[in-house]
2 protein chains.
Amino acid sequence: MEQKIIDLLKRSNLSITDSRKKILESFFEEDSALAHADIEDHVGEDFDRVTIYRTLQTFVDKGIIHTIPTPDNAVLYALCKDSCSAGHHHDNHVHFICDNCNKTFCLEHVVVPAVHMPVGFAASQIDMVVSGICNYCNATT
Amino acid sequence: MEQKIIDLLKRSNLSITDSRKKILESFFEEDSALAHADIEDHVGEDFDRVTIYRTLQTFVDKGIIHTIPTPDNAVLYALCKDSCSAGHHHDNHVHFICDNCNKTFCLEHVVVPAVHMPVGFAASQIDMVVSGICNYCNATT
DNA sequence: ACACTATTGCAACTATGTTGCAAAATGTTA
DNA sequence: TAACATTTTGCAACATAGTTGCAATAGTGT
């Protein structure tokens, strides 16, 4: 784990600092998307609020994490898979918010479907967020 | 205009107050979605910030306006068309954000396409937000 | 016009996010 | 590994967004 995180930071040309390691750890331990507050909880008192904001921004810039738009306008972050690089995100997958457990997931294998635009409109990016009940909650209720 | 607004308020079982009239007016005058700040600008010093918050919330509850999720997590509101009623929104249309003029529109006639969910996931609501260049900006540049 | 109810404004508060700057940690080179 | 240049961090202060309780005011039905 430790090594995986260090490798990822090196690959992104970032220096290895305690806060970056700890924050990345949060993402690897949780399989769902995290809000700023979740991360603050996870890293505890160890780091300043401001550091967390700046670190998340750095990770987004470097293509390590991406933000997820949500209908209630909370800001969520999730790890990018393979195909993202600095300044160039490829998150064309659908995001899912569970109304039961309130967790948000990337459905890595569900590609955002094409949609036909009216004349005159040119689409450059499409975000799709689905809410409902996730597989875990469906299995246990 | 005045009469249209009064009728809408009556239909929604809301009392006719100056702030409600003025805020609804903002929506009818703009054809794009509005942020809280836009409305504050439009109504000027006439009403308190808090009143605007509460009025917008009331309108959402009554199915007069709906919120639009945006990738940068700004909260936007737009008028609901015909099919919405109190506690029951039907905004299954696509939303469009213009990267040039920064306005957000409801594409009333573009229905959110179906998407195939992985086993175990049950979708109840789908939000689709498209960014790009709108018809007006495409025509004038 | 009156009384009842709903709405508004004010003040205070919480949460969220940003900026400048000095101190500390990291990476690099000798 | 010691010294230096560069990043990163923490602090303080600030800015914006949104909420709540309560008293004053405005709207509604009779």
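A note on names: the letters A, B, ... follow the listed sequences, proteins ahead of strands, and every chain is numbered from 1.
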Check: Hey, what bend do you get for the helix from C:dA1-D:dT30 to C:dA30-D:dT1 if you fit axes on five pairs at each end, rounded to 10°?
Finding: 40°
Check: Side chains of A:Val60 and A:Thr67: closer than 4.5 Å at any heavy-atom pair?
Finding: yes
Please tabulate the protein-to-nucleotide N/O contacts below 3.5 Å involving nucleotides 1-11 of chain C, giving atom names and distances.
{"unit_1": "C:dT7", "atom_1": "OP1", "unit_2": "B:Arg20", "atom_2": "NH1", "d": "2.8"}
{"unit_1": "C:dT7", "atom_1": "OP1", "unit_2": "B:Arg20", "atom_2": "NH2", "d": "2.6"}
{"unit_1": "C:dT7", "atom_1": "O5'", "unit_2": "B:Arg20", "atom_2": "NH2", "d": "3.3"}
{"unit_1": "C:dT8", "atom_1": "OP1", "unit_2": "B:Thr17", "atom_2": "OG1", "d": "2.8"}
{"unit_1": "C:dT8", "atom_1": "OP1", "unit_2": "B:Ser19", "atom_2": "OG", "d": "2.2"}
{"unit_1": "C:dG9", "atom_1": "OP2", "unit_2": "B:Asp48", "atom_2": "N", "d": "3.2"}
{"unit_1": "C:dG9", "atom_1": "OP2", "unit_2": "B:Thr51", "atom_2": "OG1", "d": "2.4"}
{"unit_1": "C:dG9", "atom_1": "N7", "unit_2": "B:Arg54", "atom_2": "NH2", "d": "3.0"}
{"unit_1": "C:dG9", "atom_1": "O6", "unit_2": "B:Arg54", "atom_2": "NH2", "d": "2.7"}

Margin query: Could you check whether A:His66 and A:His95 have their ring centres less than 6.0 Å apart?
Written below: yes
Notebook entry, point to check: Can you tell me how far P of D:dT7 sits from CG of A:Leu9, to the nearest Å?
Noted result: 16 Å
Next item on the list: Decide yes or no for A:Leu8 and A:Leu24: does some side-chain heavy atom of the first lie under 4.5 Å from some side-chain heavy atom of the second?
Entry: yes
Item checked: Main-chain N/O of B:Ile97 paired with B:Thr104 side-chain donor or acceptor, under 3.5 Å -> no
Next item on the list: Would you check, one step at a time, whether the test side chain to side chain contact (heavy atoms under 4.5 Å, CB included) holds for B:Val43 with B:Ser26?
Entry: CA-CA 8 Å; B:Val43 305; B:Ser26 314; 4.1 Å; yes
Check: Atom CD1 of A:Ile16 to atom P of C:dT28: distance rounded to whole Å?
Finding: 10 Å
Next item on the list: Take the protein atom OH of B:Tyr53 and the nucleotide atom C1' of C:dA15, then report the distance between them rounded to whole Å.
Entry: 12 Å
Next item on the list: Could you state the atom-to-atom distance from CG of A:Asp61 to C1' of D:dT8 in whole Å?
Entry: 15 Å
Item checked: Separation of C:dG17 C1' from A:Ile39 CD1 (nearest whole Å) -> 14 Å
Note to self: Rounding to an integer number of Å, can you tell me how far B:Asp38 CG sits from D:dT16 P?
What the structure shows: 15 Å
Item checked: Pairs touching residues 105-126 of chain B that satisfy salt bridge (Lys or Arg N to Asp or Glu O under 4.0 Å), sequence neighbours left out -> B:Lys81-B:Glu108
Margin query: Distance criterion of 3.5 Å, no angle test: do you see the side chain of A:Arg49 paired donor-to-acceptor with the base of D:dG10?
Written below: no
Note to self: Is there a side-chain contact between A:Lys103 and A:Phe96 in this structure, where contact means two heavy atoms from C-beta onward sitting under 4.5 Å apart?
What the structure shows: no
Margin query: Could you tell me if the side chain of A:Thr70 sits less than 4.5 Å from the side chain of B:Pro69, heavy atoms only?
Written below: no
Notebook entry, point to check: Salt bridge between A:Arg49 and A:Glu40, side-chain N to carboxylate O under 4.0 Å?
Noted result: no
Margin query: Using whole Å, what does the distance between atom C1' of nucleotide D:dT8 and atom CG of A:Leu56 come to?
Written below: 15 Å
Item checked: Length of the line joining A:His36:NE2 and C:dG17:P, which is rounded to integer Å -> 7 Å
